[in-house]
Structures are given as structure tokens and as C-alpha cells.
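As a basis for the values below, the full set of heavy atoms in this structure was taken, side chains included, without hydrogen atoms, waters or symmetry mates. All figures in this text were calculated on a predicted structure; none of them were measured in a lab.
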Amino acid sequence: MARVVALMFGVLALAACSSDDTTRDDAGEIVEGGDLGVFVVREGDCVNIPTDDQLTSFEGVACDDPHDGQAFGLFDVVGFDEYPGPDAVSDQAQEGCLERFQTFIGIDYEESIYYIQNINPSEDSWDTLDDREIVCLVVPNDGEPQLTQDLRDVAA
């Protein structure tokens with residue numbers, strides 16, 4: 001479980017977080033890249049992850065194009081009215097993402113070659129935007145090239 005990486009970003013503006021400038025096909029898959037707000041990312045979306053401390057959006061890309069990660073799970077932090085702190089949020093994120101990994105990828109996390117990276121709400125986004133959503137991303141191992149395919153059921 002040491003391979004799980006958590007990211008927490010402050011959220012700057014609701015408008016940027018809710019935009020989707022990608023082009024999708026009839027099945028909802030991204031076929032042409034564009035800005036993809038953190039609040040509108042969908043399970044299965046392939047993304048490039050910015051290096052900014054304040055994450056408002058990803059670059060959504062077609063899964064056949066090189067990308068940093070793919071969203072495989074989205075869920076809300078539960079059980080807290082007030083922001084519980086980064087450790088409590090991270091604990092729920094790690095547990096929830098691990099639970100969803102095998103269903104999406106088709107193999108147990110410990111047997112896979114991939115890492116999990118989760119995007120967690122910050123205290124600021126929790127308080128100002130009522131943000132509770134965890135975004136689970138499957139990413140390549142450190143030093144490995146970017147992903148170039150849809151990883152849904154890749155190991156099945």
C-alpha cells in the first residue's frame with residue numbers, strides 16, 4: 001500500500017472546476033482533448049495532471065494519446081460535517097480508491113504494475129465550495145512512460 005500517492009490541491013475558482021472543453025463521442029469518451037474541470041471529470045477519462053499547487057482542471061485527452069493518468073473512481077468523503085483534516089481525507093481516499101481499482105483495471109492492485117494517485121478536497125475547497133469528491137487516478141510507475149491506452153479491464 002506504500003505505492004498509493006495522495007494529492008491535495010486548493011481549488012481556485014468554481015467556473016474553472018466545472019468546465020469541460022473536451023469533445024466526446026456518443027459513448028461519452030474523450031476523442032479530442034481540452035480543459036477538463038476537476039468537478040466534471042468522469043470515470044474513464046484520461047488526463048494530464050498539471051504540476052500547479054492549485055488544481056482547478058486537468059487536460060482531458062483521448063486515451064490513445066499519451067497521458068499521465070486515467071480516472072477510475074469518483075466518490076465523496078463521508079462522515080464529517082467539518083473538514084476532518086488531510087489525514088482523515090487521505091485515509092478515506094486510499095481505502096476507497098483501493099476498493100475500486102480491481103473492478104476498473106481487472107486485477108488486484110498489489111498484482112498490478114500501476115500506481116494509484118488520488119485528488120482530494122482541500123480545506124479551502126471543502127469550506128468554500130462544499131467539495132467532498134475524491135478522484136482516483138491510475139498512473140504509471142515512477143520513471144515509466146506515459147500511458148497510451150484505456151486501462152479499463154486491461155488485465156481481465
query = Backbone N or O of Asp87 within a donor-acceptor pair of the Ser90 side chain at under 3.5 Å?
reply = no
query = Cluster question for you: counting only ILVMFWY and a side-chain heavy-atom cut-off of under 4.5 Å, with indirect links fine, are Val47 and Ile30 together?
reply = yes
ask   = Is there a donor-acceptor pair closer than 3.5 Å between any side-chain N or O of Asp76 and the backbone N or O of Val78?
value = no
query = Taking it one step at a time, do Asn118 and Gln94 satisfy side chain to side chain donor-acceptor pair (under 3.5 Å)?
reply = CA-CA 8 Å; Asn118 46 284; Gln94 289 179 16; 5.6 Å; no
request  = Could you tell me whether Arg42 and Glu29 have a side-chain N and a carboxylate O separated by less than 4.0 Å?
outcome  = no
request  = Would you please say whether a donor-acceptor pair under 3.5 Å links the side chains of Asp124 and Ser122?
outcome  = no
request  = Please answer: with hydrophobic residues joined when any side-chain heavy atoms are less than 4.5 Å apart, are Val61 and Val154 in the same cluster?
outcome  = no
request  = Assign the ring pair Tyr83 / Trp126 to parallel, tilted or perpendicular, where the plane angle (0 to 90°) is split at 30° and 60°.
outcome  = perpendicular
ask   = Is the backbone of Ile49 close enough, under 3.5 Å, to the side chain of Asp68 for a donor and an acceptor to pair up by distance?
value = yes
query = Is there a donor-acceptor contact under 3.5 Å from the side chain of Gln70 to the main chain of Val139?
reply = no
ask   = Does any N or O in the side chain of His67 come within less than 3.5 Å of the main-chain N or O of Leu147, such that one atom is a donor and the other an acceptor?
value = yes
ask   = Is the cationic atom of Arg100 (NZ for Lys, CZ for Arg) positioned less than 6.0 Å from the six-membered ring centroid of Phe75 and within 45 degrees of its normal?
value = yes
